[in-house]
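For reference, the structure is listed below as structure tokens.
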Amino acid sequence: MIFTPRLLWVTLGLALAVVVLPDLFWLWMVLLAALILADVLLAGSPRRLKVVREPVGPLRSSETTTAGTRVENSGARALRGWVKDGWQPTAGAEDGLQRLQVSAGGATTVQVRLTPKRRGNLRSEHITIRSIGPMGLAGRQVVHHVAHELRVLPEFRSRRHLPSKLRRLRELDGTTAVQLRGAGTEFDSLRDYVRGDDVRSIDWRATARRQDGAGGHLVVRTWRPERDRRVILCLDASRTSAARVEDEPRLNAGIEAALLLGALASSAGDRVDFMAFQRQLVARASSSERGDFLNLMATSMAPVEPVLVEADFSQLPAQVASVSSHRSLVVVLTALDSASLQEGLLPVLPALTAKHRVVVASVQDPELQRRGQQRGTAAQVYRAAAAERTLIEHRTVAAELSAMGVEVVEAAPEELPPALADAYIRLKATGKL
């Protein structure tokens, strides 16, 4: 049983009547109780309603969708009242509380506009229906535990960099109008030798055939960037990814970088595999699966959240080997934290670099640079010293990784996705994949 604000005003009116006629106090109380009871009994039964959730397709963060719930009234009385959908605050429900009116034997659909503020699986575990009596004094309320789920994909803000990166790849591949030729290891075509060509590119057999024919020019081979290579993206979802950089978890920047590189590499004809891990594998996607790879990767990333445990890098070589036994580009998106890398990633890197080209991508906190420049007070000097020490440790770790043959890409959250894509294009152009 529930009461409405109108009952308060009726009660105040009866209180005035009691002041005027105090001898009729119990009569007024009985009258008020009768009104309340009649209103409750005459209200449509919310328990006789059948609630059916309508499925909602996935959408990206900051986009808007509509979640529909069909309400069917199997009772003998019409129901008039309110309905509230129990979406969590991050779902961004604009009209979670709405008026509801369903005739006897009828049905209606409640539409709730949602603008999610973060990725992941958002749920409404219940829907609350409040039925008000004809006098509007009281009613009945029931909570229907019917779950509604919405999968919110990563926003993919770095998508704006994709056209320019694809244009550069097409230029390397020799498919643009100017026919630019890029370095690589896959044979493209034969042409006459010109001054400045690498003599190691001379095809002596083709030259001999040319000399047997009409001409006597040297013939060289031209090459193009590799296609159909393996790119394996490994996203660290352990405790280091939970640190906030520019008011966002470090994991979000890693997801943006993985999405851009995955879309770029798959468009270039490479086979791309994605995995997210901490103590165990928590997400996986492959371009060899059916469907759009970008959507598959975004769907697998959506529920991944940072976990406050140490990453188990010892499983990484085995996971990479299960994906591909051939030479691949392995991109590890993690933090250049000296303690975790010294104990976790560095010991397993020789097993990876012996067979694969390894790139370590990390988010750089711009706040360290800003604190290092603020030295006006004693407290700021101490903070600047701590920031400089952290930066020195990062540079030391990066130098150690470079000495092991690992390429390091470190940039601010907004700059990391294009920087990682540039590193991929550079490796592809120089034939190092």
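Only heavy atoms go into these numbers, but all of them, side chains included; no hydrogens, no water, no symmetry mates.
The list of salt bridge (Lys or Arg N to Asp or Glu O under 4.0 Å) pairs with a residue in residues 59-71, not counting sequence neighbours, reads Arg70-Glu72. The salt bridge (Lys or Arg N to Asp or Glu O under 4.0 Å) analysis of residues 358-375, with sequence neighbours excluded, yields the pairs Glu246-Arg370, Glu367-Arg370, Glu367-Arg371, Arg375-Glu388. Under the side-chain hydrogen bond (donor to acceptor under 3.5 Å, both in side chains) criterion, the residue pairs touching residues 255-264 are Ser158-Glu256, with sequence neighbours excluded. Within the structure, salt bridge (Lys or Arg N to Asp or Glu O under 4.0 Å) contacts touching residues 117-127 (residues at least two apart or in different chains) are Arg118-Glu305, Arg119-Glu305, Arg123-Glu125, Arg123-Glu149. The stretch residues 128-143 participates, sequence neighbours left out, in these side-chain hydrogen bond (donor to acceptor under 3.5 Å, both in side chains) pairs: Arg130-Gln141. A salt bridge (Lys or Arg N to Asp or Glu O under 4.0 Å) check over residues 277-287, counting only residues at least two apart or in different chains, returns nothing. Applying the ring-ring contact (aromatic ring centres under 6.0 Å, His included) definition to pairs two or more places apart or across chains, those involving residues 233-291 are Phe277-Phe313.
You'll find the side chain of Leu162 reaches within 4.5 Å of the side chain of Leu166, heavy atoms only. Between Lys355 and Val320 there is no side-chain heavy-atom pair separated by less than 4.5 Å. Taking 4.5 Å as the limit, some side-chain heavy atom of Pro154 sits within range of a side-chain heavy atom of Leu259. Put simply, the side chain of Ser103 does not reach to within 4.5 Å of the side chain of Asn73, judged on heavy atoms. For the pair Gln374 and Arg383, the minimum side-chain heavy-atom distance is 4.5 Å or more. Residues Tyr424 and Val359 fail the side-chain proximity criterion, which asks for heavy atoms closer than 4.5 Å. Side-chain contact between Thr109 and Val71: absent, with no pair of heavy atoms (C-beta onward) separated by less than 4.5 Å.
Nearest heavy atom pair, residue Leu122 against residue Ala91, reads CD1-CA, 3.7 Å. Ala265 approaches Val272 most closely through the heavy-atom pair CB-CG2, 3.5 Å. The minimum heavy-atom distance linking Gly57 with Leu150 is given by the pair O-CD1, 3.6 Å. Among all heavy-atom pairs drawn from Gly44 and Leu79, the shortest one is O-CD1, 3.8 Å. In plain terms, the two heavy atoms of Pro303 and Ser300 that are nearest each other are CD-O, 3.4 Å. Scanning all heavy atoms of the two residues, the minimum distance from His161 to Ser164 falls at O-OG, 2.9 Å.
Salt bridge absent: Arg113 and Asp95 never bring a charged side-chain N and a carboxylate O closer than 4.0 Å. Looking at Glu407 and Arg357, no side-chain N of the basic residue comes within less than 4.0 Å of a carboxylate O on the acidic one, giving no salt bridge. For the pair Glu248 and Arg244, the salt-bridge criterion is not met [side-chain N within less than 4.0 Å of a carboxylate O].
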Residues 6-20 side chain polar contacts: donor-acceptor under 3.5 Å, at least two apart:
unit_1	atom_1	unit_2	atom_2	d
Arg6	NH1	Met135	O	2.8
Thr11	OG1	Leu7	O	2.7

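When atom types are taken as modelled, the side chain of Asp39 and the backbone of Gly136 share a donor-acceptor pair closer than 3.5 angstrom. No donor-acceptor distance shorter than 3.5 angstrom exists from the side chain of Ser241 to the backbone of Leu251, with no hydrogens or angles considered. Listed for the Asp273 side chain is no donor-acceptor partner under 3.5 Å among the backbone atoms of Ile232. A donor-acceptor contact shorter than 3.5 Å links the side chain of His148 to the backbone of Glu54. Judged by distance alone, with hydrogens and angles left aside, the side-chain atoms of Thr115 form no donor-acceptor pair with the main-chain N or O of Ser62 at under 3.5 Å.
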(message) For a side chain to side chain contact (heavy atoms under 4.5 Å, CB included) check, start with the C-alpha distance between Ile129 and Leu49, then their side-chain angles and the critical distance, and finish with the verdict.
(response) CA-CA 9 Å; Ile129 297 178; Leu49 296 182; 3.4 Å; yes
(request) Report the C-alpha separation of Arg160 and Glu155 in whole Å, then their side-chain angles, then the decisive distance to 0.1 Å, and conclude whether the salt bridge (Lys or Arg N to Asp or Glu O under 4.0 Å) test is met. (result) CA-CA 12 Å; Arg160 64 183 184 275; Glu155 190 173 356; over 6 Å; no
(request) Decide yes or no on side chain to side chain contact (heavy atoms under 4.5 Å, CB included) for Leu336 and Val360, but give the supporting numbers first. (result) CA-CA 9 Å; Leu336 287 183; Val360 174; 4.2 Å; yes
(request) Apply side chain to side chain contact (heavy atoms under 4.5 Å, CB included) to the pair Leu153 and Leu59, showing each step before the final yes or no. (result) CA-CA 6 Å; Leu153 307 180; Leu59 77 158; over 6 Å; no
(request) Begin from the C-alpha positions of Leu233 and Val332 and carry the test side chain to side chain contact (heavy atoms under 4.5 Å, CB included) through to its verdict. (result) CA-CA 6 Å; Leu233 306 173; Val332 183; over 6 Å; no
(request) Please report the C-alpha distance between Arg271 and Ser286 in whole Å, then the side-chain angles of each, then the deciding distance to 0.1 Å, and finally whether the side chain to side chain donor-acceptor pair (under 3.5 Å) criterion is met. (result) CA-CA 8 Å; Arg271 287 176 290 178; Ser286 175; over 6 Å; no
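Counted within 6.0 Å of CZ on Arg389, heavy atoms from surrounding residues, nucleotides or ligands total 12 or fewer; the atom is thus considered open. The environment of Tyr382 atom OH is sparse: at most 12 non-hydrogen atoms of other residues, nucleotides or ligands sit within 6.0 angstrom.
For Ser314, the side-chain contact (heavy atoms from CB on, under 4.5 Å) criterion is met by Asp312, not counting sequence neighbours. Under the rule for a side-chain contact (heavy atoms from CB on, under 4.5 Å), the partners of Ala257 that lie at least two apart in sequence or sit in another chain are Leu333, Leu416, Pro417, Leu420. Considering only residues two or more places apart in sequence or on other chains, Ala421 meets the side-chain contact (heavy atoms from CB on, under 4.5 Å) condition with Lys165, Leu260, Leu264. With sequence neighbours excluded, no residue forms a salt bridge (charged side-chain N to carboxylate O under 4.0 Å, His left out) with Glu415.
Separation of atoms CZ (Arg151) and OG1 (Thr299) is listed at 6.5 Å; rounding is to 0.5 Å. Rounding to the nearest 0.5 Å gives a distance of 13.0 Å between NZ of Lys428 and CZ of Arg168. In this structure, the separation between OG1 on Thr334 and CZ on Arg250 is 8.0 Å, given to the nearest 0.5 Å. In this structure, OG1 in Thr353 is found 5.5 Å from CE in Met404, a value given to the nearest 0.5 Å. Atom CG of residue Leu37 and atom CG of residue Leu137 lie 12.0 Å apart, to the nearest 0.5 angstrom. Taking NE2 of His356 as the start and OG of Ser328 as the end, the distance is 5.5 Å to the nearest 0.5 Å.
Of the candidates Thr65, Thr66, Asp85, Leu114 forms a side chain to side chain contact (heavy atoms under 4.5 Å, CB included) with just one, namely Thr65.
Remark: the Asp270 side chain and the Ser266 side chain contain no N/O donor-acceptor pair separated by less than 3.5 Å.
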